[in-house]
Amino acid sequence: MSSNPIPELVIASGGTRARFDGLRLSVERDRTLWNIPVEAIRSAELGDGSTVRVELSGDASGARPGPGVPLSLPAANVIAAKRFRDRLLDVLATVEPAEDGHSLVVGESLPRFRHRFLTAEYRRKRIAAGVLLLWLVIIVSIAGPGALAFVSWLTPTGVFMTGVAVNLRIRPMLTLRRRGVTVTGRVVGSRSAGSKGSVQRYPLLTFTALDGTVHERVRSVVSVWATPSEEPMDVTYDPENPALATRPKTLSHSFNTVVMMTAGVLLTALGLFVLFLLATS
């Protein structure tokens, strides 16, 4: 690992995302992006909970930027909030605030995001998935519990699936939510999430930590649908273990986690139920 300039720092929570690159504070909320030059900022301090309170210079009575005055920027945890506040203060110490910072704020509307799985392109796949689910329900309804003895082996399978979901998906994300710090990194490749050629991929991330060290090709906790494009990306990492990092959450990863947990619990319960029937018959 080598040294590199301090990266862009990002905090995000509750529908608000703020990033600071040393020259500009960008705040995204309610599909609006507000760009605030560092000269427009008068002070930065910790607010209630895991928030950073930012005040602009000048009289606020005549101008109210969209995120609110003063700005209340929520972070995922206290550590991330303190790092973001400290970075702002370091830069503010070298800058002379403008007389009217509110007049320097520029806002722009962002397009509404729509996940591609909900587009017309994926309509056939949604129909196929619905038909398959209906067919499985019909088969189980006709077969009845007496015909399910062959699935008694599903209990260990269900326990295994639940353990994988908890240890490889849920627990790492809880750790990053509790003490993760977000910077701007880059996707530099991907790795299959299953067998070779699997559609699900784990992006490989390269990012610069706040201590200036570069971490290369770190596997993201969050997987994506198909091969990701190599582009700049928000990366959240654990300062105590930078090998634990992730790109922003995706709908497909969250859906797969829910499916894996649900299937694991149901398979475990189903297997135990069949064993109970066999033992009492």
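Computed from a prediction, not measured in an experiment: that's the story for all the values here.
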Under the rule for salt bridge (Lys or Arg N to Asp or Glu O under 4.0 Å), what residues qualify as partners of Glu230, not counting sequence neighbours? none

In short, Arg29 meets Ser72 closest at the heavy-atom pair NH2-O, 3.0 Å

Verify whether one side chain among Thr213 and Asp211 offers a donor that lies under 3.5 Å from an acceptor in the other. yes

Would you kindly confirm whether Val54 and Leu23 end up in one hydrophobic cluster when ILVMFWY residues are joined by side chain heavy atoms under 4.5 Å apart? no

Correct closest heavy-atom pair for Asp100 and Ser103 would be O-OG, 2.8 Å

Spell out, yes or no, whether Leu56 and Val38 are grouped together once hydrophobic residues are joined by side-chain heavy atoms under 4.5 Å, including indirect joins. yes

Counting N and O atoms only, with roles assigned by atom type, does the side chain of Ser254 sit under 3.5 Å from a partner on the main chain of Leu251, one being a donor and the other an acceptor? no

Holding to side-chain hydrogen bond (donor to acceptor under 3.5 Å, both in side chains), I want the full list of residues that pass it with Ser43, two or more places apart in sequence or in another chain. none

Between the CH2 atom in Trp225 and the CZ atom in Arg201, the distance rounded to the nearest 0.5 Å is 13.0 Å

Give, for atom CG of Leu104 and atom CZ of Arg24, the distance between the pair rounded to the nearest 0.5 Å. 11.5 Å

Just to verify, what does Arg177 make a side chain to side chain contact (heavy atoms under 4.5 Å, CB included) with, not counting sequence neighbours? none

Taken in chain and number order and not counting sequence neighbours, the residues that satisfy ring-ring contact (aromatic ring centres under 6.0 Å, His included) with Phe207 are His215, Tyr237

Any side-chain heavy-atom pair from Val181 and Thr236 closer than 4.5 angstrom? no

Ser109 (side chain) donor-acceptor with Thr32 (main chain) under 3.5 angstrom: no

Can you tell if the side chain of Leu244 reaches within under 4.5 Å of the side chain of Val221, non-hydrogen atoms only? yes

To the nearest 0.5 Å, tell me how far Glu55 CD sits from Glu45 CD. 6.5 Å

With side chains defined as the heavy atoms from C-beta onward, is the minimum distance between Leu73 and Leu25 less than 4.5 Å? yes

Considering only heavy atoms from C-beta outward, does the side chain of Asn35 approach that of Val105 to under 4.5 Å? no

Taking every non-hydrogen atom, the tightest pair across Thr94 and Val91: OG1-O, 2.7 Å

Distance under 6.0 Å and angle within 45° of the ring axis: does Arg191 meet both against Tyr202? no

Any residue meeting salt bridge (Lys or Arg N to Asp or Glu O under 4.0 Å) with Arg19, in chain and number order, not counting sequence neighbours: Glu8, Asp234

Name all residues meeting the side chain to side chain contact (heavy atoms under 4.5 Å, CB included) criterion together with Val222; count only those two or more places apart in sequence or in a different chain, and write none if there are none. Met173, Ser220, Thr246, Arg247, Lys249, Thr250, His253

Taking only residues two or more places apart in sequence, or in another chain, which ones meet Val164 in a side chain to side chain contact (heavy atoms under 4.5 Å, CB included)? Phe160, Leu168, Met260

Whether over 12 other heavy atoms sit under 6.0 Å from Glu99 CD: no

For Asp86, salt bridge (Lys or Arg N to Asp or Glu O under 4.0 Å) partners two or more places apart: none

CZ-CD distance between Arg186 and Glu216, expressed to the nearest 0.5 angstrom: 13.0 Å

The side-chain hydrogen bond (donor to acceptor under 3.5 Å, both in side chains) partners of Ser50 (sequence neighbours excluded) come to none

Minimum heavy-atom separation for Gly58 to His102, with atom names? O-NE2, 4.0 Å

Which atom pair, heavy atoms only, marks the closest approach of Ser57 to Glu39? OG-O, 4.1 Å

For Arg171, enumerate each residue passing the salt bridge (Lys or Arg N to Asp or Glu O under 4.0 Å) test, keeping only those at least two apart in sequence or located in another chain. none

Side chain to side chain contact (heavy atoms under 4.5 Å, CB included) partners for Arg179, two or more places apart: Ile79, Thr175, Asp238, Glu240

Hydrophobic cluster identity match, Val188 and Val218, side-chain contacts under 4.5 Å: no

Heavy-atom side-chain contact between Ile36 and Ile41 under 4.5 Å: yes

Shortest non-hydrogen contact from Pro239 toward Gly180: CD-CA, 4.4 Å

Who else is in the cluster with Val166 when I, L, V, M, F, W and Y are joined by side-chain contacts under 4.5 Å? Ile170, Leu174, Met261

Between the CG atom in Leu71 and the OG1 atom in Thr16, the distance rounded to the nearest 0.5 Å is 10.0 Å

Please test Leu110 against Glu28 for side chain to side chain contact (heavy atoms under 4.5 Å, CB included), starting from the C-alpha separation and ending with a verdict. CA-CA 9 Å; Leu110 299 175; Glu28 180 181 337; 3.4 Å; yes

Hey, does Leu210 have a side-chain heavy atom less than 4.5 Å from the side chain of Leu9? yes

Arg219 versus Leu204: any side-chain heavy-atom pair under 4.5 Å? yes

Reported CZ-to-CG distance for the pair Arg31 and Leu33, which is rounded to 0.5 angstrom: 13.0 Å

Is there a side-chain contact between Asp48 and Arg53, using heavy atoms and a 4.5 Å cut-off? no

Assigning hydrophobic clusters by single linkage (Ile, Leu, Val, Met, Phe, Trp, Tyr; side-chain heavy-atom cutoff under 4.5 Å), is Val27 placed with Val10? no

